[in-house]
Amino acid sequence: MTEPTNEIPKQYNPTAAQEKWAKFWEEHNFFRSQPNSNKKPFCVVIPPPNVTGALHLGHALNNTLQDMTIRMKRMQGFETLWIPGVDHAGIATQAVVERRLFLDEKLTRHDIGRDALVQRIWNWKEQFQTRIISQLKGMGCSCDWNRTRFTLDEMCAKAVRYFFFKLFEQKLIYRGKRLVNWDTHLQTAVSDDEVCHETVAGNFWYIKYPVVQPKPNEPEYVVVATTRPETMLGDTAVAVHPDPETALNKVIGDLKKRLAAAPEKEKIDLQKELDEAENRLRSSDNGNSVLDQLKTLSRMATQNRTVMLPLANRPIPLIADVWAKPEKGTGCVKITPAHDPNDYEVGKRQELPMINILNKNGTLNENAGKYAGLTIKQAREQIVTDLEEQGLLVSVEERIIELAHSDRSKTPIEPFLNDQWFVKMDDLAQNAIDAVHNGEVKIIPERYKKGYTDWLSEKRDWPIGRQLWWGHRIPIWYCYGATEKELAQAFAGRKDISWQWNSENNVWWICSQTEDLSEDAVSGYTIIQEEDVLDTWFSSALWPHSTLGWPDQTPELDYYYPTGVLITNRDILTLWVARMVLAGKFNTGKIPFHEVFIHPKILDKYGEGMSKSKGNGIDPISVIAKFGADALRFALAFLTTESQDIRLTLDFECPYCGAVVEQTKKNRTEPKIICPKCGVPFRTQWAETESDQMLTEGPMIGERFEVARNFCNKLWNAARFVLLSLQEPPQTQTQHLKTDQLSSPFEVSFLEDRWILSRLATVTKNVTECLETYRYADAMRFLYDFAWDEFCSFYVEMVKFRLANETQRQQAQTVLIHVLNVLLRLLHPVVPFVTEEIWQRLRLLDSGNNSRNNYAESISIAAWPVADELAIDVEIERQFKVFQELLRAIREVRASRNVPPKTEITFAVRCDAATATLLKPMEPYFLSMAKAKATGWGETLTIPVLFSTVPLAGMDVYVDLSDLIDVPAEIAKLEKEIAKLDGFIKSKTLKLESDFVQKAPPTVVEKERQSLAGLLEQRQSAIDAVKKLKTV
RNA sequence: GGGCGAUUAGCUCAGUUGGUUAGAGCGUCUGGUUUACACCCAGAAGGUCGGCGGUUCGAACCCGUCAUCGCCCACCA
């Protein structure tokens, strides 16, 4: 399957390699996993992507990191299992399908009914699950595809049932009338976490409520303020503070304190607030202060007085409640318990009636009297008009308000009184907090711990019901009228059925752990199943154990659970991660994973997160098509630092003329773009119509991907060089090459061998350490620098000289191939395809050799390199730096003096004997790498007549320039150098004359002294050189 | 209102426990048909590390403060 080595293309072809090796991996089942008692397990569960749509680069990042970790662990000898899957994403998916239904066919879900809608969503799910899985495969993810799960499949459904049943039995599930966040568009309750606040322009209406039979000295009206006048139809009280004077004085006192302590910029606002509060103490024209009025009202409230609710013409009580803040608004507040969370609390406290004025679709119901049937918006307008007509509208203010919106439908949320199922969070949440506090679950980076524990500490009960059709139906049946005895009889001997009496609604709740109950399960009665489905997170919370077979004690659950690490993004740390911990603990008694790594977010060039609705989400497949999967992965991993989000600037490339078309907020959602240069239209990922899809797609390009692609190509070419230079493969067993094997035959002249092996060992250590601690960017940097700068730019260049030498070839080849071999394995987790492609070529070559079997069948199952600690040699690395420094100095002289590349130059180096011994054997390298011939080393030298000097620490280089020299320019250059050195020398001298000498650690002082001495030496050399040049 | 993060070269970002002259890639400039690679090679220019104070012999790093930007959470009529 691999062509002969002499046919290695000059450019790496990612597409061919991806196809070939993805197929190869799959056919050989390298990523399939079974419990194996001979190995330690390492399991990762994928954060299941929503089936709402295709994956974007955010997912690509998430899955690249997981794959890197899992591939490394696999190579380290763990029995690794990466479980793939997708999430049904209840609200989100139903919403997109419903929207599609309406756009395409002008139908609502009610038109087609529950079964038909669910069927359509299943079709949608099939389509996108297929797409998502193929995207993951395209990226090279090494999941065990045979274990692909879906949060709505049978396995997950069983776990959901058991979880629910267990909670129910332990009385942790309850149902009650609660004020919920109602999405009038999707007609379902949503949790607080699915609500986002948006700033919108609104109004503040001041409305008069007439006092019923006012007595003398009592006000005729109570004025209240509201941003939602239509809710007044549901008012059941007007509240005033029971002791407005004390409350107001306290507020004033607090404000004064805060004002005194506040920073300047906040003082203005605080002062304003204070003034306003203090004003309420002062008398107005009629001799009454606001406070006086509130005191009157407060007294009236204790006398059970009422006010007349306008429009509804219904008397409502004036009540005293601390919720009414005397410093806010008018000091009086209307109470609408059924449509405001705070009022709801007041209503419960004060035992007020709760009047629901809304239908589930957001129109007003019969309780709204003549306004029934209007939408909220219509009702609001009408009510304001009516109030105005009746002279009850005092004033209207314009105001910016924070309005709750549904995350899914982007429509305003209405607080709505509805029956709702909840899970009591008390102990469950505490267990999840403890798991993180005591280190059982480690969150990385640590700063995310706070958000996690803070959220859980609130212990807010979890509303789990959704009025949707797409999801796990709540396994509860209602039974009215039966006696407990009858139930016990109906379900005699069944442990999988549990029931509870709900006195609020006089109904039995029957929960079934396994099967759906039929209507006649209780003889003589008809039982009805709950219509609602469960919150999506209820099933995703079980993901780590449900995918392994829980509640059954499967070998998988026993072996792989708890999983190794969960890699995800920060948005779902609470919604998902926290709930997995609590559910895992509750169901299995164990945490679901030992570590949680929170990775950065991918942002576009405007700093916005990627999302489908914005249109800035890029399909990883389009990046892969242009740059290759390895480049995509490498680029993303390279950017995964601990602190920063990843900003990616991406633009379109015209597929015809190659022009770069900037991606803008405007064109990023267009299905096609007309190239401004050549005028030809190309399609984007949003192309839908047939005619648009016919066009050629303009790929997305980005600098970071180019860099990564270039790196892959560099690696490819390094391998190409190695392969082409191996006409005679070495006999040594390359994979088991150890320093002790090298030390005897290797002489000082092969400094570069020891150097590269030392560097290789260090890099192996660093990369392993970084990957094991999720420092992906650091790992990539080590690999990039080592591969490009050290291996390619130095080692390969140097070794060329020896490869040409019959007697030295063998050893050079051995080291060369060994380093490449290790490097490939270190790189494999991030760039699996190119490394496999090269690996297989090396393998082929090796199999022709007697030693063979040095190469695993696939690099994906080859052993992870272990750093050869013995090879690490700090002294060699230091010496090599001297060589590099000298080489660079000579090259710089050449470049800056415009010496023609083919012209050979000569140079001499003044240095001590040790340095001379070190560098003399490197002479061939100066010749091959800088076309410079050494004429002398040591303390005493014959210095050429016309020369350029570069003073370095501990040595001076004299490059013979003969007729190439420009003496005045040479002198100017040296003088500039001297001035620079003078600066450093001065600052160092001062430093060494200061307290520094006494207070700094002796080693640091000594270092500084040496540094100064070196600088002085360099300066002297430069001065001498100038003197000599001036005599020429 | 509370919390978290960021601010370093034209751009995107590194910078380990404070310790010589702050690094990389891209871009820019100079030179290159060096038999692995122009998706390349050699070299250069470019930064008062957001501002101000403090601690220290010594601060990009620690402390305080201000400024700007981003994200998350929060029931205010």
Side-chain angles (χ1 to χ4, degrees), chain A residues 8 10-12 192-193 197 204 224-228 239 263-265 323-325 328-336 340-345 402 404 415 447-448 450-451 454-455 458 570-571 573-574 601 603 605 607-609 627 631 638-639 641 643-649 703-704 706-707 709-725 775 777-778 781 784-785 792-793 796-797 800 888 891-896 898-902 928-931 980-981 983-984 987-988 991 994-1001 1003-1005 1007-1008 1010-1012 1014-1015:
Chain A
I8 307 168
K10 286 191 173 192
Q11 273 190 9
Y12 168 58
D192 290 346
D193 310 299
H197 295 269
F204 209 41
V224 294
T226 182
T227 54
R228 299 191 302 155
E264 277 313 312
K265 59 169 183 176
W323 165 242
K325 310 287 181 204
K328 291 251 164 93
T330 61
C332 299
V333 59
K334 63 196 266 311
I335 303 296
T336 324
D340 182 280
N342 294 301
D343 294 1
Y344 177 73
E345 293 302 318
E402 289 277 302
R447 73 184 119 97
Y448 292 111
K450 190 171 159 48
D454 284 358
W455 184 83
E458 290 181 27
R570 73 177 98 91
D571 297 348
L573 180 65
T574 52
K601 224 174 164 158
L603 307 176
K605 73 174 96 174
E608 296 176 14
F627 298 100
F638 210 172
L639 290 165
T641 58
S643 57
Q644 301 244 47
D645 282 338
I646 299 170
R647 192 177 285 218
L648 277 179
T649 298
E703 185 225 312
R704 312 307 302 240
E706 276 174 36
V707 169
R709 178 203 52 193
N710 295 354
F711 176 72
C712 293
N713 196 55
K714 185 74 179 174
L715 181 70
W716 174 253
N717 274 289
R720 183 169 185 263
F721 172 81
V722 173
L723 288 162
L724 292 175
S725 68
R775 281 154 48 221
D778 291 343
R781 184 163 295 283
Y784 186 94
D785 291 347
C792 291
S793 295
V796 168
E797 287 308 319
K800 279 177 182 173
R888 166 187 285 267
R891 284 170 164 176
E892 203 270 328
V893 170
R894 293 192 66 116
S896 60
N898 292 319
V899 179
K902 286 186 174 164
S928 67
M929 296 172 80
K931 238 180 174 28
K980 200 169 134 197
L981 288 166
F984 298 145
S987 77
K988 271 188 202 300
K991 193 174 184 182
S994 70
D995 288 355
F996 170 72
V997 184
Q998 279 82 47
K999 304 209 171 162
T1003 51
V1004 175
V1005 176
K1007 234 174 156 184
E1008 281 297 280
Q1010 279 176 14
S1011 162
L1012 179 61
L1015 288 170

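Bear in mind the structure is a predicted one, so any value in this text is a computation, not a measurement.
Across all strands, K714(A) comes closer than 4.0 Å to base atoms (heavy-atom distances). Among the protein residues, P900(A) comes within range of no part of the nucleic acid, since none of its heavy atoms lies under 4.0 Å from any strand. E706(A) comes within 4.0 angstrom of nothing in the nucleic acid, heavy atoms only. Counting non-hydrogen atoms under 4.0 angstrom, C792(A) reaches a base of the nucleic acid. Contacts of N710(A) with the nucleic acid, taken as non-hydrogen atoms under 4.0 Å apart, include base atoms. Base engagement by V796(A) is indicated by at least one non-hydrogen atom pair under 4.0 Å involving a base atom. Heavy atoms of R709(A) sit under 4.0 angstrom from at least one base atom. At a threshold of 4.0 angstrom between heavy atoms, the contacts of A930(A) with the nucleic acid are absent. Using a 4.0 Å heavy-atom distance criterion, L639(A) is classed as making no nucleic acid contact. Among the atoms of the strands shown, none is found under 4.0 Å from any heavy atom of V224(A). Residue contacts shown for W323(A) include a base, since a base heavy atom lies under 4.0 Å away. In this structure, K334(A) reaches neither bases nor backbone, as no heavy-atom distance under 4.0 Å exists between it and the strands shown. Residue S1011(A) is in base contact, counting any heavy-atom pair closer than 4.0 Å across all strands shown. Among the atoms of the strands shown, only primed sugar atoms or phosphate atoms (P, OP1, OP2) are found under 4.0 Å from some heavy atom of R888(A).
Side-chain contact between V224(A) and C332(A) is present, with at least one heavy-atom pair separated by less than 4.5 Å. Considering only heavy atoms from C-beta on, E703(A) stays 4.5 Å or farther from T649(A) through its side chain. With a 4.5 Å cut-off on side-chain heavy atoms, I335(A) and W323(A) count as touching.
The separation of C29(B) from G10(B), taken at their C1' atoms, amounts to 14 Å, rounded to a whole angstrom. Distance check on atom P: G54(B) versus C26(B) gives 42 Å, rounded to whole Å. The gap from the P atom of U30(B) to that of A67(B) amounts to 45 Å, rounded to the nearest Å. For C61(B) and U7(B), the P atoms lie 12 Å apart once the distance is rounded to whole Å. Across G46(B) and A9(B), the matching P atoms stand 15 Å from one another, rounded to whole Å. Taking atom C1' in both U21(B) and A60(B), the straight-line distance is 15 Å, to the nearest Å. Rounded to the nearest Å, the gap between the P atom of C11(B) and that of G27(B) is 16 Å. G5(B) and A42(B): their P atoms are spaced 40 Å apart (whole Å).
The separation between R704(A) atom CZ and C11(B) atom C1' is 10 Å, rounded to whole Å. Rounded to an integer number of Å, the gap from K999(A) NZ to A59(B) P is 14 Å.
Between K10(A) and A38(B) there is no side-chain N or O to OP1 or OP2 distance below 4.0 Å.
No donor-acceptor contact under 3.5 Å links the side chain of R720(A) to the base of C37(B). D995(A) contributes no side-chain N or O that forms a donor-acceptor pair with the base of C57(B) under 3.5 Å. Side-chain atoms of Q11(A) stay outside donor-acceptor range of the base of A36(B), with no qualifying N/O pair under 3.5 Å. Judged by distance alone, with hydrogens and angles left aside, K450(A) brings no side-chain donor or acceptor close enough to the base of C4(B) to form a pair under 3.5 Å.
Remark on RNA chain B: of its neighbouring residues V997(A) and V333(A), the 5'-side contact belongs to V997(A), judged by nearest-heavy-atom nucleotide. The 5' end of RNA chain B is approached more closely, in terms of each residue's nearest nucleotide, by T641(A) than by the other of T641(A) and E892(A).
Proximity of a side-chain donor or acceptor of D645(A) to a complementary backbone N or O of K601(A) within less than 3.5 Å is detected.
Between A36(B), G19(B), U30(B), one nucleotide has an atom nearer to the side chain of N717(A) than all others, and that is A36(B).
Both the sub-6.0 Å distance and the 45° axial angle are not jointly satisfied by K714(A) relative to the ring of Y784(A).
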